[in-house]
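Following: one structure in structure tokens, then a few remarks.
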Amino acid sequence: MTGTGVVPRRSLASLAAARLEKTVSADAVRHNLAVLRAAAGGRRIMPVLKGDAYGLGAPALADLLVAAGVPALAVDTVAEGAVLREHGIGVPILVMDVDVADNAEACARYRLMPAVAGPEQIGRHSAVARRRGEPVTAWLRTNVGFNRFGPREERDVDAVLDGLHRARAAVRVAGVFAHLSSSATDPGETAEQAEVFRARVGRARAVLGGHLTASLAATHGLLHPAALRGTDWVRPGLGLHGLLLPGSRDLPGWAGSGLGRLRPAVAVRARVLDLLTVTRAEGLGYDRSAAVAPGRRLATVAIGFSRGLTGPAPAFTGLLRGRSCPMVGRPGMDCAQFDVTAVPDARPGDWMTLLGPERTGEGAARGGGPVRTAADVGAELGLTLYELLAALRMPVCLEGATPAAQGDDEAAAPP
């Protein structure tokens, strides 16, 4: 405690982490980056750190990735890019979503590369460039079927290219990118969208210059040869954490991709706070809708719906001392209850594993022991893998990183 009686922010973060933590293995992330680089076949890697790196701590992961040699990063919003700049990240940063006009000035001030997909965005960034007396570097976001930003019809694409050509002194376009809509599931649709993308890139280069680079594939795009043809940059997100959506192994490029070597990097665990033996048949929690038989032993565990454990989810389980323990009833704000009758030696202070391999002692992984996979946890909670990582909101520890890559106090604190 300081002389003013104020607890330092890092100490405040440690209070939350003492009862609930999400860990990211720096070694696994480095390994996965190497796997993705190999799969990219010489193409450059632009890791995506949107949504605070899917809730895993963007500043610390940016330190780790830049130290590993990545030449650029991508985020969704100007605010996310500004956080990385304030943290000291100097590599180029692409803002993939079309942000609001109010943030255009900050985008230039923080030297971020905005996505432009229509005349209005071209106009706003041109105006900022004229006020500042220096050009803005941007990327053209083109719509090949994702249908979230930008025109779909070719005549409208031509209008955007014409606008960029007229604004070329103020808005310098560095590259063209697009999102694939079904690269985790549909090779036919992915091939069609890749063909449209290559044609759009060709037209953009004819209008704006042959220097333009192109980016289409993200993690699952690496499994589609069609998506890699003509792609200069690959933008992995989920793959950095060793995760792929179900069905990936059935895609056409799986056999030669090497992505089977990705390692899961994320684990979540929470403390047992208290234990209760039920003495009479009755419900529990706010609505007491879950009936519990006499003699069952329940553990109150430090995770609730404020941290992403939404319910009811009767199939959800945790690992405690090597045994699977089902959740009972609805989770509360900051805790939930699990049936630990099968774990007679459970004690307050034990760690329950909710995602990843169970551990023994302080940090040692249980070799060959039970594992809570992200696919299983996501299925139990009704969440995709993307949603799962971002939904589990809690302090993050990047294990095995250098002290500089651990992030600042703000990043270490819970949201």
Side-chain angles (χ1 to χ4, degrees), residues 20-40 45 47-58 60-61 64-65 68 183-184 218-220 222-223 234-251 254 257-270 303 307-309 316-320 322 324 351-360 363-401 405:
L20 176 68
E21 69 171 12
K22 181 161 48 176
T23 60
V24 181
S25 166
D27 288 341
V29 173
R30 293 187 194 98
H31 167 85
N32 293 336
L33 177 61
V35 170
L36 293 164
R37 278 173 165 155
I45 299 293
V48 175
L49 300 182
K50 60 185 179 181
D52 192 30
Y54 302 97
L56 300 175
L61 281 170
L64 175 66
L65 294 166
S183 59
T219 297
H220 295 92
L222 290 167
L223 299 172
V234 176
R235 309 186 311 272
L238 203 63
L240 288 169
H241 311 297
L243 302 177
L244 294 166
L245 294 181
S248 299
R249 288 168 173 76
D250 300 325
L251 293 172
W254 174 262
S257 71
L259 295 191
R261 297 188 293 112
L262 293 173
R263 297 177 189 165
V266 184
V268 174
R269 58 183 190 158
I303 183 171
R307 301 300 188 178
L309 185 58
F316 188 69
T317 60
L319 287 173
L320 185 61
S324 291
W351 283 107
M352 176 174 280
T353 298
L354 304 168
L355 172 65
E358 190 175 25
R359 299 179 174 202
T360 57
R366 181 189 294 270
V371 176
R372 295 275 291 143
T373 70
D376 288 342
V377 175
E380 290 174 2
L381 294 176
L383 301 171
T384 69
L385 296 183
Y386 298 99
E387 293 166 340
L388 176 67
L389 293 184
L392 296 175
R393 300 177 297 275
M394 59 199 67
V396 180
C397 174
L398 183 59
E399 294 184 328

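The structure displayed is predicted, hence computed values, not measured ones.
Using a 4.5 Å heavy-atom cutoff, the side chains of L240 and L65 are in contact. Within the 4.5 Å cutoff, the side chain of P264 has no heavy atoms near those of the T373 side chain. Side-chain contact between H241 and L385 is absent, with no heavy-atom pair separated by less than 4.5 Å. Residues L36 and L259 are in side-chain contact: their nearest non-hydrogen atoms beyond the backbone lie under 4.5 Å apart. Side-chain contact between L223 and S257 is present, with heavy atoms from C-beta onward closer than 4.5 Å. By the 4.5 Å heavy-atom criterion applied to side chains, L319 and V371 are not counted as neighbours. You'll find the side chain of H31 reaches within 4.5 Å of the side chain of R261, heavy atoms only. By the 4.5 Å heavy-atom criterion applied to side chains, L388 and L392 are counted as neighbours.
Taking the six-membered ring for Trp and thresholds of 30 and 60 degrees, Y386 and Y54 have ring planes inclined between 30 and 60 degrees apart.
Taking CH2 of W351 as the reference point, atom CG of L20 lies at 7.0 Å (rounded to 0.5 Å). Residue L61 holds its CG atom at 8.5 Å from CG of D52, rounded to the nearest 0.5 Å. Put simply, CZ on R235 and CD1 on I45 are 11.0 Å apart, with the number rounded to the nearest 0.5 Å. To the nearest 0.5 Å, the span separating CD1 on I303 from CE on M394 amounts to 4.0 Å. Rounded to the nearest 0.5 Å, atoms CG (L309) and CG (L381) are 6.0 Å apart.
With sequence neighbours left out, the salt bridge (charged side-chain N to carboxylate O under 4.0 Å, His left out) criterion links R372 to E380.
Closest approach of A265 and A28 over heavy atoms only: CB-CB, 3.7 Å. In terms of heavy-atom proximity, A60 sits nearest to L398 at O-CD2, 3.8 Å. When all heavy atoms of L243 and A374 are compared, the pair lying nearest together is CD2-CB, 3.8 Å. Annotation for S183 and L251: closest pair O-CD1, 3.3 Å, computed over non-hydrogen atoms. Shown here for R30 and D27, the closest heavy-atom pair between the two residues is NH1-OD1, 2.9 Å. In plain terms, the two heavy atoms of G242 and N32 that are nearest each other are N-ND2, 3.1 Å.
When atom types are taken as modelled, the side chain of R393 and the backbone of A391 share a donor-acceptor pair closer than 3.5 angstrom. With K22 contributing its side chain and L389 its backbone, the two residues share a donor-acceptor pair below 3.5 Å. Checking side-chain atoms of H220 against main-chain N and O of L245 turns up a donor-acceptor pair under 3.5 Å.
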